[in-house]
Amino acid sequence: MATPGGRIAIIGGGPGGLYAAALLKRRDPDREVTLWERTAPDRTFGFGVVLSDETLGGIEHADPAVHEALQRDFTRWDDIEIVHRNTRRTSGGHGFAALGRKRLLEILHTRCHALGVDLRPHTEAPPVQRLAETHDLVVAADGVHSTTREAYADTFRPQVTTHRCRYIWLAADFAFDAFRFEIAETEHGVMQLHGYPFAHPSPDHHPSTRPSGPQDRSGASTVIVEMREEVWHAAGFDEATPQESVERCAKIFADALGGRPLRSNNSAWTAFRTVVNERWSHGNVVLLGDAAHTAHFSIGSGTKLAVEDALALTACLEEHPDLRSALTAYEAERKPVVASTQRAARASLEWFENLALYVDQPPRRFAFNLLTRSRRVTHDNLRLRDPDFTAAVEREFGCPPGTPPMFTPFRLRGLTLRNRVVVSPMDLYSAADGIPGDLHLVHLGARALGGAALVMTEMVCVSPEGRITPGCAGLYTGRQGEAWRRITDFVHERAPGTAIGVQLGHSGRKGSTRLMWEGMDEPLPDGNWPVVAASPLPYKPGSQTPRELSRAQLTDLREQFVAAAGRAARAGFDLLELHCAHGYLLSGFLSPLTNRRTDAYGGSPARRLRFPLEVFDAVRAVWPEERPMTVRISATDWADGGTTAEDAVEIARAFAAHGADAIDVSTGQVVAEEAPEYGRSYQTPFADRIRHEARIPVIAVGAISSWDDVNSLLLAGRADLCALARPHLYDPHWTLHAAAEQGYDGPGALWPAPYRAGSRPPRTGRTDAPKPRLTLGS
């Protein structure tokens, strides 16, 4: 055990600090555990606290006495209600448990007293440096404004992000029947209410009528009112007194409240701050709860995370022989869990920040979008929780009976795709003199046979100098066009109904490099060719410095794209995508980080768009009218001063105005010093925003790995098509297997005749064992 006996100091008397104190004292009664809390126990902020069954299970295992006390006070419910434009949609089967924050603290105080923890309310903790000298362990549970974190900022290296909504935490003296989200579209902008019960309602409670009995018979609910900062200012809340804010919120959401008032507990408008720390411990000082991390209230995980931190910290102290290894293990165990929760919380809070984008969605789609906003609730588990609600959403989307959303058709210009799955472009770096060979035939042919509606080539280069590596494929000679024709003929003949698209591009400053597996983006050791770009800026140290393109060279380049497009049309491609992403030539014109020109092709966003649009127009003019054209863009550079999500919307609008049929929304790879925020479906929010603001179909791409993700994104209206790369490398028949796993057999996923026998998963293991005929009681 890392701290046999010893002195432990805990700073902060919130749920995390109190629970840590109780656990540490319970595990070793000889420990001297002291907790400082500068405010009184009954002065807590907020009202209700939501805990998951998973967290409660951990509490039950670690301290049955606390679990039993919590169980007596929990309010439980299953439904989520979403009220939008006077329409209420209810989804069931979710399972929530809540109790008052004040009651939670009372339970934990009582447990700490019973165990002999030295509680010191109304008392500022001594400086953390002094505590670290006089105690064996210091647990800093001092909240989002942690002074401990700031005292050791050089070690913890905190990053605090303030977000764009203002919110206020209030309460109502009745219990909602469900977790309720209500949207108010006011003259000042969109506002939202988040409400849930935390005290038991009276048996005859009806939310549409005023309470007739005392408050304790009517229960209580947390009510959070939230809106964008600019809406908050426009509505005058920045100048309102606290009481005026409470009264105005009650008036705005009078329907949800049944005309009842709201009450405050020293509540104030605030902006949520996401806290991330690079490290969680320094010597014998360790962070816990909001001091270490925060997660937006819209996923209800703040108290949950703090309690789970306390459980993990106590367990690690038990399991490891010294304090250093225990704290290292605690951080290693908790950081991935917290990071996952914070990604979900970030997705949720950004959804609410951008709520105005979605208010025009049909009611059921809006409700589904809200429910799946964090990507933790998905189409598949909603089908299990509430099959009737999910079936209604599918019907509104247009799914034929028994058809998952991903297998509904989609039309782009004259091309009808039989489902919504795209095999994303994947560079093979295996061409000889730009000529695609047998590997290209097998790679693209296998994935065409695998059921996807659209199979995309890698970036096909428009000139020898436009190659990324010597192994890149091209369309700058007739022989290359003939080789591509061999592949498109195979797809059309052997996988009828599957479309094949070509992605045209030019490497720009990222050209003349080694094959990916020999050193990605590294210059060739010999045989380099000169590279060109919008501006003479090397991609990274050691890269070639490109020549800045002259006006005459821009004209030549445009004609190279035109010639390649003509060859692509004759080669039989069904769709053409113009590559304006990932820092290649056309992308280099779009980003302010890579375009420093002072002529008509640089400077303002409109000027930076000029050359890519000229190329698009010229290619569209020679590309057959009935065949669609898409454009891939990097919707953010993931770097300060680069392309932003707002810029991406304007770029998409410009291409849409020039006739693009869809935008393929990727991100990054524009500058080497990027800092992407990786995670599941991490690029999807950019596609979502472009779809709703630019009003153009979008292809979502980036860490979409499951058919459940695809169905969820489509039903929520965040994408029209989903492009997947790595899943198709793992399984060329990913789409057909997705159909089999969902029990779908229809026109959206046709098995090739020779493969039809494999349309059901093969049996594994013994299946002839006798079934139990009788169960005996113990």
Query raised in the report: Taking it one step at a time, do Asp688 and His692 satisfy side-chain hydrogen bond (donor to acceptor under 3.5 Å, both in side chains)?
Result: CA-CA 6 Å; Asp688 185 1; His692 284 90; 2.8 Å; yes
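- For the residue pair His233/Arg166, the side-chain donor-acceptor check at 3.5 Å is not satisfied.
- No salt bridge links Arg343 with Glu677; every basic N to acidic carboxylate O contact stays at or beyond 4.0 Å.
- Side-chain contact between Glu353 and Cys165 is present, with heavy atoms from C-beta onward closer than 4.5 Å.
- No side-chain heavy atom of Arg180 sits less than 4.5 Å from a side-chain heavy atom of Phe253.
- Between Glu106 and Arg103 there is a salt bridge, since a side-chain N of the basic residue sits under 4.0 Å from a carboxylate O of the acidic one.
- Taking the charged nitrogens against the carboxylate oxygens, Glu32 and Arg7 do have a contact shorter than 4.0 Å, which makes a salt bridge.
- The closest side-chain heavy-atom distance from Val50 to Thr222 is not below 4.5 Å.
- Around the CZ atom of Arg157, the shell of radius 6.0 Å holds more than 12 heavy atoms that belong to other residues, nucleotides or ligands.
- Not one N or O on the side chain of Thr594 forms a donor-acceptor pair closer than 3.5 Å with the backbone of Leu590.
- Remark: side-chain polar atoms of Tyr682 are not paired, donor with acceptor, to backbone N or O of Pro676 under 3.5 angstrom.
- In terms of modelled atom types and a separation under 3.5 Å, the side chain of Asp309 and the main chain of Ala306 share no donor-acceptor contact.
- Arg101 places no side-chain N or O within donor-acceptor distance of the main-chain N or O of Gly14, the cut-off being under 3.5 Å.
- The NE2 atom of His163 sits 7.0 Å away from the OG1 atom of Thr294 when rounded to the nearest 0.5 Å.
- When all heavy atoms of Gly13 and Leu105 are compared, the closest pair comes out as O-CD2, 3.9 Å.
- Although no hydrogens or angles enter the test, the distance criterion places a donor-acceptor pair under 3.5 Å between the side chain of Asp322 and the main chain of Arg324.
- Atom CD1 of Ile690 sits about 9.0 Å away from atom CZ of Phe686, to the nearest 0.5 Å.
- Of all non-hydrogen atoms in Trp269 and Ser245, the two that sit nearest each other are NE1-OG, 2.9 Å.
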Query raised in the report: Run the side chain to side chain contact (heavy atoms under 4.5 Å, CB included) check on His293 and Trp280 step by step: do they pass?
Result: CA-CA 9 Å; His293 47 72; Trp280 291 12; 3.5 Å; yes
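- A donor-acceptor distance shorter than 3.5 angstrom exists from the side chain of Asn284 to the backbone of His135, with no hydrogens or angles considered.
- The main-chain N or O of Gln192 is never found under 3.5 Å from a side-chain atom of Glu226 such that the two would form a donor-acceptor pair.
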Query - Stepwise side chain to side chain contact (heavy atoms under 4.5 Å, CB included) test for Arg334 and Leu305 - result: CA-CA 9 Å; Arg334 292 299 296 156; Leu305 290 176; 3.7 Å; yes
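- Side chains of Leu18 and His109 form a contact here, defined as non-hydrogen atoms less than 4.5 Å apart.
- Contact between Asp637 and Gly642 at its shortest, heavy atoms only, is OD2-CA, 3.3 Å.
- Using a 4.5 Å heavy-atom threshold, the side chains of Glu37 and Leu119 count as separate.
- With Ser298 as the fixed residue, the side-chain contact (heavy atoms from CB on, under 4.5 Å) test singles out one of Phe272, Trp351, Phe352: Phe352.
- Between Phe179 and Phe181, the distance from one ring center to the other falls under 6.0 angstrom.
- Heavy atoms only, all atoms of each residue included: Ser221 and Pro197 are closest at OG-CA, 3.6 Å.
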Report task. Start with the C-alpha gap between Tyr167 and His194, add the side-chain angles, then the distance that decides, and say whether side chain to side chain contact (heavy atoms under 4.5 Å, CB included) holds. Result -> CA-CA 10 Å; Tyr167 68 96; His194 312 241; over 6 Å; no
**Report entry** Residue pair Gln243, Thr241: steps toward the side-chain hydrogen bond (donor to acceptor under 3.5 Å, both in side chains) verdict
**Finding:** CA-CA 5 Å; Gln243 186 57 34; Thr241 67; over 6 Å; no
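- Taking the six-membered ring for Trp and thresholds of 30 and 60 degrees, Phe156 and His282 have ring planes more than 60 degrees apart, a perpendicular arrangement.
- The existence of a salt bridge linking Asp709 and Arg680 is confirmed by a sub-4.0 Å separation between a basic side-chain nitrogen and an acidic carboxylate oxygen.
- Judged by distance alone, with hydrogens and angles left aside, the side-chain atoms of Gln342 form a donor-acceptor pair with the main-chain N or O of Val275 at under 3.5 Å.
- Between Leu288 and Ala20, the closest heavy-atom pair is CD1-CB, 4.2 Å.
- For the pair Val128 and Val138, the minimum side-chain heavy-atom distance is below 4.5 Å.
- Closest approach of Arg27 and Thr314 over heavy atoms only: CG-CG2, 3.5 Å.
- Here the straight-line distance linking atom CZ of Arg726 with atom OG of Ser705 works out to 11.0 Å at 0.5 Å rounding.
- Note that CG of Asn354 and CZ of Arg373 are 13.5 Å apart. Values are rounded to the nearest 0.5 Å.
- The line from CD1 of Ile224 to CZ of Phe47 is 10.0 Å long, rounded to the nearest 0.5 Å.
- Taking the charged nitrogens against the carboxylate oxygens, Lys335 and Glu278 have no contact shorter than 4.0 Å, which rules out a salt bridge.
- For the pair Val285 and Thr148, the minimum side-chain heavy-atom distance is below 4.5 Å.
- With a 4.5 Å cut-off on side-chain heavy atoms, Val670 and Glu674 do not count as touching.
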Query raised in the report: Would Val225 and Ile252 count as a side chain to side chain contact (heavy atoms under 4.5 Å, CB included) if you check the C-alpha gap in whole Å, the side-chain angles of each, and the deciding distance to 0.1 Å?
Result: CA-CA 10 Å; Val225 176; Ile252 291 168; over 6 Å; no
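- Without hydrogens or angle criteria, Ser267 side chain to Trp169 main chain gives a donor-acceptor distance under 3.5 Å.
- Looking only at distances, a side-chain donor or acceptor of Ser634 sits under 3.5 Å from a matching main-chain atom of Gly668.
- A salt bridge is absent between Arg248 and Glu244; no separation between the charged side-chain nitrogens and carboxylate oxygens falls under 4.0 Å.
- Note that CZ of Arg164 is 7.5 Å distant from CD of Glu350, once rounded to the nearest 0.5 Å.
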